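Okay, structure first, notes after.
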Amino acid sequence: MAGFGIDGKPTLAISLFTGAIIILLWWAATALKLTPSLFLPKPGEVLRQFFVIWNDGYAGASLGEHVGASLFRIGLAAILALATAIPIGLLMGLNRWAKGILDTPIEFYWPLPPLSYLPLMIIWLGIGETSKIALLFLAMFAPICLSAQAGVRSVSIERAQAARALGATRWQLFSHIVLPSALPEILTGVRIAFGIGWGTLVAAELIASTQGIGFLIMSAAQFLATDVVFVGIAIISVCAFGFSASVRLLERVLVPWKGKA
């Protein structure tokens, strides 16, 4: 019987070909001058500007300092989100009281764009690092929490009943049935959360920042330095891809059965 979907077939070559086509179209649009260079710089200009920033820095900080500041903020926010969202999501999936109490506030703020509560972060927490990390934490918390909750609800009732029939304790039921069954959903939520976190980074670094990739992008935009903006966007894309690839690798290690059942 033929497999369903892509059936585990590699897509790397297709992805690389697609990327090459996009860069070729970008180069063609600039070569044919379909748009002014102020709005769409040439790929060569962006690459040249990258090496300039690599050597000389930008806005009073080196490229490493900009990247390091952003990685610190999103890394700390991710650690806090993982440490709180996974247990809370599992608890919401296992206990109706926890779901009834926590579901309302999470569902209330989850659809809101981070920029809508950015002013509150500044008013409540000031303009230091705390408000930036809190904004990223809130952006990443909800998708992980809701994914953990959904993972618990996806547990096979037959497997749980079979474990109980064999005399499994509550802890054994949780550690051997519930948690492994919920892991695929949790890791998917982590990947989504990282994507949202990187998307929120620019907004977070609007708060009185002097370093960071988001600050670099916004500072360059004020001076219409489009090539620098493209450099910042490319750096965020590479970092986000690295985080996503790491989670995919973790999925292969922790849930090798995913998609094979």
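Source: prediction; values computed, not measured.
The side chain to side chain donor-acceptor pair (under 3.5 Å) search around Ser70 returns Glu205, not counting sequence neighbours. Partners of Trp171 according to the side chain to side chain contact (heavy atoms under 4.5 Å, CB included) rule, which considers only residues two or more places apart in sequence or in another chain, are Thr169, Phe174, Ser175. Among residues two or more places apart in sequence or in another chain, the side chain to side chain donor-acceptor pair (under 3.5 Å) test is passed with Ser219 by none. Scored by the ring-ring contact (aromatic ring centres under 6.0 Å, His included) test, Phe215 finds no partners at all (sequence neighbours excluded). Residues that satisfy the side chain to side chain donor-acceptor pair (under 3.5 Å) test with Glu129, not counting sequence neighbours, are Arg73. Legend: residues meeting side chain to side chain contact (heavy atoms under 4.5 Å, CB included) with Tyr109, ordered by chain and number and at least two apart, are Leu112, Tyr117, Leu138, Phe141, Ala142. Looking at residues two or more places apart in sequence or on another chain, you find a ring-ring contact (aromatic ring centres under 6.0 Å, His included) between Trp26 and Phe230. Residues forming a side chain to side chain contact (heavy atoms under 4.5 Å, CB included) with Ala29 (at least two apart in sequence, or on another chain): Leu34, Leu40. With sequence neighbours excluded, the residues satisfying side chain to side chain contact (heavy atoms under 4.5 Å, CB included) with Leu118 are Leu115, Ile122, Leu135, Ile207.
Checking each of Leu201, Thr200, Val202 against Pro114 for a side-chain contact (heavy atoms from CB on, under 4.5 Å) leaves exactly one that passes, namely Thr200.
Remark: the backbone N or O of Leu216 is not paired with any side-chain donor or acceptor of His66 at under 3.5 angstrom. Side chain of Ser244 to backbone of Ala240: no donor-acceptor contact under 3.5 angstrom is found. Formation of a donor-acceptor pair under 3.5 Å by the Ser147 side chain with backbone atoms of Thr188 is not found in this model. Without hydrogens or angle criteria, Gln161 side chain to Glu158 main chain gives no donor-acceptor distance under 3.5 Å.
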Apply side chain to side chain contact (heavy atoms under 4.5 Å, CB included) to Cys145 and Ile106, showing your working.
CA-CA 9 Å; Cys145 181; Ile106 292 174; 3.7 Å; yes

Could you go through Gln149 and Leu90, starting from their C-alpha distance and side-chain angles, then the distance that decides it, and tell me whether this counts as side chain to side chain contact (heavy atoms under 4.5 Å, CB included)?
CA-CA 5 Å; Gln149 178 186 343; Leu90 293 174; over 6 Å; no

Trace of the side chain to side chain contact (heavy atoms under 4.5 Å, CB included) decision for Leu47 with Val231
CA-CA 8 Å; Leu47 186 61; Val231 170; over 6 Å; no

One pair to check against side chain to side chain contact (heavy atoms under 4.5 Å, CB included): Tyr58 and Val52. What are the steps and the verdict?
CA-CA 9 Å; Tyr58 189 82; Val52 170; over 6 Å; no

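The salt bridge (charged side-chain N to carboxylate O under 4.0 Å, His left out) pairs that include a residue from residues 227-249 number zero, where partners must be two or more places apart or lie in different chains. Screening residues 23-33 for salt bridge (charged side-chain N to carboxylate O under 4.0 Å, His left out) gives no qualifying pairs among residues at least two apart or on separate chains. Note on residues 76-95: no pairs pass side chain to side chain donor-acceptor pair (under 3.5 Å), not counting sequence neighbours.
Side-chain contact between Ser37 and Thr30 is absent, with no heavy-atom pair separated by less than 4.5 Å. Side-chain contact check for Phe39 versus Pro36: some heavy-atom pair is nearer than 4.5 Å.
A distance of 10.0 Å separates OG in Ser237 from CD1 in Ile213, rounded to the nearest 0.5 Å. A distance of 6.0 Å separates CG in Leu136 from CD1 in Ile74, rounded to the nearest 0.5 Å. The distance from the CG atom of Leu146 to the CD1 atom of Ile88 is 11.0 Å, given to the nearest 0.5 Å. The line from CZ of Phe72 to CD of Glu65 is 14.5 Å long, rounded to the nearest 0.5 Å. Going from atom CZ of Phe50 over to atom CG of Asn55 covers 9.5 Å, rounded to the nearest 0.5 Å. Taking CD1 from Ile144 and CG from Leu187, the interatomic distance works out to 10.0 Å, rounded to the nearest 0.5 Å.
The two atoms that bring Ile196 and Ala139 nearest to each other are CG2-O, 3.6 Å, heavy atoms only. Taking all atoms of both residues into account, the shortest heavy-atom contact from Ile217 to Val229 is O-CG2, 3.8 Å. The two residues Ala148 and Ile186 come nearest to each other via the heavy atoms CA-CG1, 3.7 Å. Across every non-hydrogen atom of Ser181 and Arg159, the tightest pair is OG-NH1, 3.3 Å. Taking all atoms of both residues into account, the shortest heavy-atom contact from Lys132 to Ser209 is CE-OG, 2.8 Å. Closest approach of Ala134 and Met121 over heavy atoms only: CB-SD, 3.9 Å.
Hydrophobic clustering places Ile133 together with Trp124 (ILVMFWY residues linked when any side-chain heavy atoms are closer than 4.5 Å, directly or through intermediates). One hydrophobic cluster holds both Ile236 and Ile233 under the rule that ILVMFWY side chains link at heavy-atom gaps under 4.5 Å. In the hydrophobic clustering of ILVMFWY residues, with side-chain heavy atoms under 4.5 Å counting as a link, Ile192 and Phe137 come out together. Residues Ile177 and Leu94 fall within the same hydrophobic cluster, defined by Ile, Leu, Val, Met, Phe, Trp and Tyr side chains chained together at heavy-atom separations under 4.5 Å. Linking ILVMFWY side-chain heavy atoms closer than 4.5 Å, directly or via other members, places Ile157 and Leu173 in two distinct hydrophobic clusters.
When the shell of 6.0 Å around CD1 of Ile127 is examined, it contains 12 or fewer heavy atoms from other residues, nucleotides or ligands.
Between Phe194 and Phe243, the two ring planes are tilted [angle within 30° to 60°].
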